[in-house]
Amino acid sequence: MDINLNLEKSSETLKLCLQKAGLHTPPEVEVCFNMDVSGSFEREHKLGYTNALMNRMVPWGMVFDPDKKLDLFTFSDGNSHAYYVGEVTSDNCQDYIANNVCDKVPGWNCGTDFSYVLKKNLEQFGWEGKKEQGFFSRLFGKKDTQTPRKSLILHITDGEASDIPKTTQVLRDIEENGYKVYVIFFGIGTNPSGSKDIRNLADRFDNVSCFICDDIRGFITMTDEQINEALISDKLINYLKK
């Protein structure tokens with residue numbers, strides 16, 4: 001499904017929406033895009049809907065990521081099916097899913113787990129094993145020069161995950177270790193149980209929010225302003241300001 005987009009214009013619109021929300025200078029943030037490749041999503045992939053959805057988020061990489069990119073991961077069930085695909089930019093995003101994902105990635109058309117790909121995200125950004133600096137380290141100016149940048153995970157799913165307890169534990173570890181990581185769950189056409197799960201995760205953690213959309217075609221045809229309004233929450237702005 002082809003949608004004509006001016007990605008530069010969309011990125012400028014995102015900056016204006018952030019300013020209206022109180023964030024006048026976007027910080028540098030590593031941005032990744034997790035794409036569900038379970039069997040129930042195959043039709044949307046093959047018809048180009050998920051590529052169009054991803055393209056609507058490319059401006060977020062252009063605004064926040066210092067390299068103006070999204071790091072694309074795919075996931076279905078199990079650790080071996082959480083897979084880093086590569087970098088998505090304004091130059092290569094056209095037909096990226098068809099060329100690099102459909103029938104190509106591990107776990108294509110399998111089940112749905114969230115926790116494994118979230119762990120892969122943490123490893124990619126360098127958060128795994130990091131701890132928040134203690135009071136005396138901050139007091140005497142001892143800084144961990146390897147501390148990663150803030151990180152934003154855009155996690156797209158159309159179904160109910162079978163590992164919500166493990167996912168909850170990953171998010172709890174992020175919170176307890178002081179990782180500067182924020183997760184936005186996109187529930188696209190999710191069943192009631194799947195929607196309830198990601199809503200509960202958003203309610204439970206300060207660094208998690210969610211957006212539920214029954215119709216992926218409706219989402220990808222929204223205006224830039226509508227998409228930004230749906231995703232820019234007070235929780236996200238507070239995280240970006242810290």
Side-chain angles (χ1 to χ4, degrees), residues 1-14 29-77 80-110 112-114 116-118 120-125 151-159 183-190 211 213 215-224 226-228 230-231:
M1 181 176 183
D2 292 328
I3 296 178
N4 293 323
L5 294 175
N6 184 328
L7 295 175
E8 289 291 343
K9 181 179 178 181
S10 296
S11 65
E12 291 302 317
T13 300
L14 175 57
V29 179
E30 301 281 355
V31 185
C32 76
F33 190 90
N34 293 342
M35 179 66 77
D36 187 339
V37 292
S38 60
S40 59
F41 224 8
E42 180 180 19
R43 178 176 179 272
E44 286 76 7
H45 291 310
K46 292 293 181 69
L47 291 177
Y49 295 146
T50 55
N51 203 115
L53 184 154
M54 182 185 69
N55 289 354
R56 300 308 306 269
M57 302 311 302
V58 167
W60 285 59
M62 295 170 66
V63 169
F64 288 113
D65 194 288
D67 296 318
K68 300 185 181 301
K69 62 177 175 61
L70 301 175
D71 285 303
L72 177 65
F73 291 76
T74 55
F75 67 94
S76 56
D77 56 350
S80 63
H81 294 166
Y83 179 70
Y84 176 64
V85 182
E87 298 178 356
V88 180
T89 69
S90 59
D91 294 327
N92 70 2
C93 62
Q94 188 72 21
D95 297 324
Y96 192 97
I97 298 297
N99 294 333
N100 299 281
V101 174
C102 290
D103 296 310
K104 296 179 177 65
V105 297
W108 177 256
N109 277 357
C110 291
T112 306
D113 290 330
F114 295 163
Y116 302 103
V117 72
L118 291 174
K120 290 286 178 69
N121 298 153
L122 298 180
E123 293 171 2
Q124 175 78 9
F125 291 143
S151 307
L152 175 62
I153 298 171
L154 307 171
H155 185 96
I156 316 305
T157 183
D158 79 322
V183 182
I184 301 178
F185 286 102
F186 290 63
I188 304 296
T190 53
F211 172 71
C213 178
D215 179 12
I216 188 172
R217 288 172 292 183
F219 179 85
I220 60 182
T221 56
M222 289 167 63
T223 66
D224 292 328
Q226 288 172 327
I227 288 178
N228 295 332
L231 300 180

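As the structure is a prediction and not an experimental result, all values here were calculated from the model.
Judged purely by atom type and a 3.5 angstrom limit, D224 has no side-chain atom pairing as donor or acceptor with the backbone of E12. Without hydrogens or angle criteria, K104 side chain to A98 main chain gives a donor-acceptor distance under 3.5 Å. A side-chain donor-acceptor contact under 3.5 Å links H45 to the backbone of D36.
In this structure, Q124 and C32 have side chains that are not in contact, with every pair of non-hydrogen atoms separated by 4.5 Å or more. Using a 4.5 Å heavy-atom cutoff, the side chains of I153 and F73 are not in contact. Using a 4.5 Å heavy-atom threshold, the side chains of E42 and W108 count as touching. Side chains of F186 and I216 form no contact here, defined as non-hydrogen atoms less than 4.5 Å apart. No side-chain heavy atom of I227 sits less than 4.5 Å from a side-chain heavy atom of S10. Counting only heavy atoms from C-beta outward, the side chains of F41 and I188 approach each other to under 4.5 Å. Counting heavy atoms from C-beta outward, T89 and K68 have side chains that stay 4.5 Å or more apart. Using a 4.5 Å heavy-atom threshold, the side chains of L118 and F75 count as separate.
Of all heavy-atom pairs spanning M57 and L154, the tightest one is CE-CD1, 3.8 Å. Nearest heavy atoms, M222 versus G218: CG-O, 3.2 Å. Taking every heavy atom of both residues into account, N92 and Y96 meet most closely at O-CD1, 3.4 Å. Closest approach of C93 to N55, counting heavy atoms only: CB-OD1, 3.2 Å.
From L70, atom CG reaches atom OG of S90 across 10.0 Å, with rounding to the nearest 0.5 Å. Taken from CG in L7 to CZ in R56, the straight-line distance is 9.0 Å, to the nearest 0.5 Å.
Listed by chain and residue number, S76, D77 satisfy the side chain to side chain donor-acceptor pair (under 3.5 Å) test with H81 (two or more places apart in sequence, or in another chain). Applying the ring-ring contact (aromatic ring centres under 6.0 Å, His included) rule to F211 yields the partners F219; only residues at least two apart in sequence or on another chain are considered. Checked against side chain to side chain donor-acceptor pair (under 3.5 Å), N34 has the following partners two or more places apart in sequence or in another chain: N121, H155. With sequence neighbours left out, the salt bridge (Lys or Arg N to Asp or Glu O under 4.0 Å) criterion links K69 to E30, D65, D71. Qualifying ring-ring contact (aromatic ring centres under 6.0 Å, His included) partners for F125, counting only residues two or more places apart in sequence or in other chains: none. Among residues two or more places apart in sequence or in another chain, the side chain to side chain donor-acceptor pair (under 3.5 Å) test is passed with D215 by none.
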**OP:** Test side chain to side chain contact (heavy atoms under 4.5 Å, CB included) on T50 and I156 and set out the steps.
**Re:** CA-CA 9 Å; T50 55; I156 316 305; over 6 Å; no
Original post:
What's the verdict on side chain to side chain contact (heavy atoms under 4.5 Å, CB included) for L72 and N100, showing C-alpha distance, side-chain angles and the deciding distance?
Top reply: CA-CA 10 Å; L72 177 65; N100 299 281; 6.0 Å; no
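Considering V31, I97, V58 in turn, V58 is the only one that fulfils the side chain to side chain contact (heavy atoms under 4.5 Å, CB included) rule with V88.
More than 12 heavy atoms of other residues, nucleotides or ligands sit less than 6.0 Å from atom NZ of K46. Sparse packing is recorded around CD of E8, with 12 or fewer heavy atoms of other residues, nucleotides or ligands lying under 6.0 Å away.
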